[in-house]
Amino acid sequence: MRLAGLAAALTLALLPSAAAAQSVPIALNPGEVLLQVEAEGVNRSRPDVMTITAGVVTTARTARDALGANSALASRLIDVVRSKGIEPRDVRTAELSVQPQLEELNEDAENKGRTPRVLGYVARNTLELRLRDLAKAPDVVDALFGAGANSVAGPEFSLAEPAPAERMARRAAVEAARLEADTYAEALGMRVARVLRVSERNDFESEGGQQIIVTGSRVRATPIEPGELVTSIRVWIDYAMVPR
């Protein structure tokens, strides 16, 4: 925070803020003192959307065979996803690739300048799924492995409608900023007269969640705990203070 006096030529630098870095000049009336406050507002809510990725990895001597085997397994995954009631809008192909599998060469004189041989091909097909009924998540994960998925990663939790949480966090941030401003003003024998400028930034993070990264094995009754989703909004507010 920084206090900057104009008519009274009073300046007290405490902490730099984002507002202080802005180049837009602030017009103060005679007798006013500038107070720049940084404050944070937090809202905690229960996530209602979970995103996971599920994929199949296959290998074969030729790229065609690797892709063919992969496509068959990927089709089974899509069938299972549809049977679980996941809407088409919540299913997206995140990755589709076929790459050569090269032999590993020792770094010795015999292999110097030698091109590695292609031993086969690896095909990958990964689906990104959004689950809007978190109670069904363990069953969906189990069904994916049952259909042949050999790579599952996630989850990432979010809110289907983040606006209400943002509004509550924003309100809390503004209230915290005003309380801090009133505290400074009172300590200096002044009062807050008006708001000059407001800016903000948003942060979102999940707390208490569990990440699953499983490859090449089948998991039954996978426990999934969504925890809380923290919506954080930080504001910078410039106030004009005047003598009491």
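Treat the numbers as computed from the prediction; the structure is a model and nothing was measured.
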* Taking the side chain as C-beta and beyond, is there a heavy-atom pair between Val152 and Phe145 under 4.5 Å? -> yes
* Can you tell me if CZ on Arg132 sees more than 12 non-hydrogen neighbours from other groups inside 6.0 Å? -> yes
* To do: For Thr93 and Leu127, indicate whether the former's side chain and the latter's backbone hold a donor-acceptor pair under 3.5 Å.
  => no
* Asked: Side-chain contact, heavy-atom cut-off 4.5 Å: Leu188 with Leu35?
  -> no
* To do: Answer yes or no: is there a side-chain heavy-atom contact under 4.5 Å between Pro226 and Arg46?
  => yes
* Start with the C-alpha gap between Ile52 and Leu144, add the side-chain angles, then the distance that decides, and say whether side-chain contact (heavy atoms from CB on, under 4.5 Å) holds. => CA-CA 11 Å; Ile52 62 172; Leu144 289 169; 4.0 Å; yes
* Asked: Going through the checks in order, is the side-chain contact (heavy atoms from CB on, under 4.5 Å) test met by Phe157 and Val49?
  -> CA-CA 6 Å; Phe157 295 103; Val49 175; over 6 Å; no
* With the side chain counted from C-beta on, respond yes when Arg191 and Val242 share a heavy-atom pair under 4.5 Å apart, and no when they do not. => yes
* **Pairwise side-chain contact, Arg244 with Glu186, heavy-atom cut-off 4.5 Å (strictly under)** => yes
* Asked: In terms of heavy-atom contacts, does CD of Glu156 have more than 12 from other residues, nucleotides or ligands at under 6.0 Å?
  -> no
* To do: Ignoring hydrogens and angles, tell me if any N or O in the side chain of Asp238 forms a donor-acceptor pair with the backbone of Leu196 under 3.5 Å.
  => no
* **Closest contact, heavy atoms only, Thr231 versus Ala165** => OG1-CB, 3.7 Å
* If we only count heavy atoms from C-beta on, is the Val195 to Tyr239 side-chain gap below 4.5 Å? -> yes
* Rounded to the nearest 0.5 Å, how far apart are CZ of Arg92 and OG1 of Thr53? -> 10.0 Å
* Asked: Quick one: do Val141 and Leu73 end up in the same hydrophobic cluster if we chain Ile, Leu, Val, Met, Phe, Trp and Tyr together by side-chain heavy atoms under 4.5 Å apart?
  -> yes
* Short side-chain to backbone donor-acceptor contact, Arg170 and Ser232, under 3.5 Å -> no
* Same apolar cluster: Val98 and Val118, side chain cutoff 4.5 Å -> yes
* Structure fact -> Heavy atoms of Val56 and Asn150 approach each other most closely as CA-OD1, 3.3 Å
* Closest heavy-atom contact between Ala74 and Asn125? -> CB-ND2, 3.6 Å
* Identify whether Leu67 and Val57 are in the same connected component of the hydrophobic contact network (ILVMFWY, side-chain heavy atoms under 4.5 Å). => no
* To do: Would you check if there is a donor-acceptor pair between the side chains of Thr51 and Glu128 at a distance under 3.5 Å?
  => no
* Asked: Between Leu102 and Leu119, is a side-chain contact (heavy atoms from CB on, under 4.5 Å) present by the stated rule, with each step listed?
  -> CA-CA 6 Å; Leu102 304 177; Leu119 302 178; over 6 Å; no
* Rounded distance [0.5 Å steps], CD in Glu161 versus CG in Leu159 -> 9.0 Å
* To do: Go through the steps for Ser45 and Glu228 under the test side chain to side chain donor-acceptor pair (under 3.5 Å), then give the verdict.
  => CA-CA 6 Å; Ser45 50; Glu228 288 185 328; over 6 Å; no
* Verify the cluster assignment for Ile86 and Leu77: are they in a single hydrophobic cluster under the rule of side-chain heavy atoms below 4.5 Å apart? => yes
* Is there a side-chain contact between Ile233 and Glu40, using heavy atoms and a 4.5 Å cut-off? -> no
* **NZ/NE/NH1/NH2 to OD/OE distance under 4.0 Å, Arg61 and Asp65** => no
* Side-chain contact test, heavy atoms from C-beta onward, threshold under 4.5 Å: evaluate it for Val235 versus Glu38 and give yes or no. => no
* To do: Could you tell me which non-hydrogen atom of Ala137 sits nearest to which non-hydrogen atom of Met50, and how far apart they are?
  => CB-CE, 3.5 Å
* Asked: Side-chain heavy atoms under 4.5 angstrom apart, residues restricted to Ile, Leu, Val, Met, Phe, Trp, Tyr: same cluster for Leu129 and Ile78?
  -> yes
* Asked: Above 12 or not: heavy atoms from other molecules or residues under 6.0 Å from CD of Glu95?
  -> yes
* Structure fact -> CD of Gln36 to CD1 of Ile237, rounded to nearest 0.5 Å, is 12.0 Å
* Structure fact -> Heavy atoms of Gly227 and Pro47 approach each other most closely as O-CD, 3.3 Å
* Structure fact -> For Val91 and Val81 the tightest heavy-atom approach is CG2-CG1, 3.5 Å
* **Single hit among Asp133, Asp90, Asp139 for salt bridge (Lys or Arg N to Asp or Glu O under 4.0 Å) with Lys84** => Asp139
* Could you walk me through whether Met190 and Val33 pass the side-chain contact (heavy atoms from CB on, under 4.5 Å) check? -> CA-CA 9 Å; Met190 308 185 77; Val33 174; 3.6 Å; yes
* Asked: Quick one: do Arg234 and Glu200 make a salt bridge, cutoff under 4.0 Å?
  -> no
* **Atom pair OG1 (Thr59) and CD (Gln101), whose distance is rounded to the nearest 0.5 Å** => 6.0 Å
* Asked: Under a 4.0 Å N-O cut-off, is there an ion pair linking Arg194 with Glu32?
  -> yes
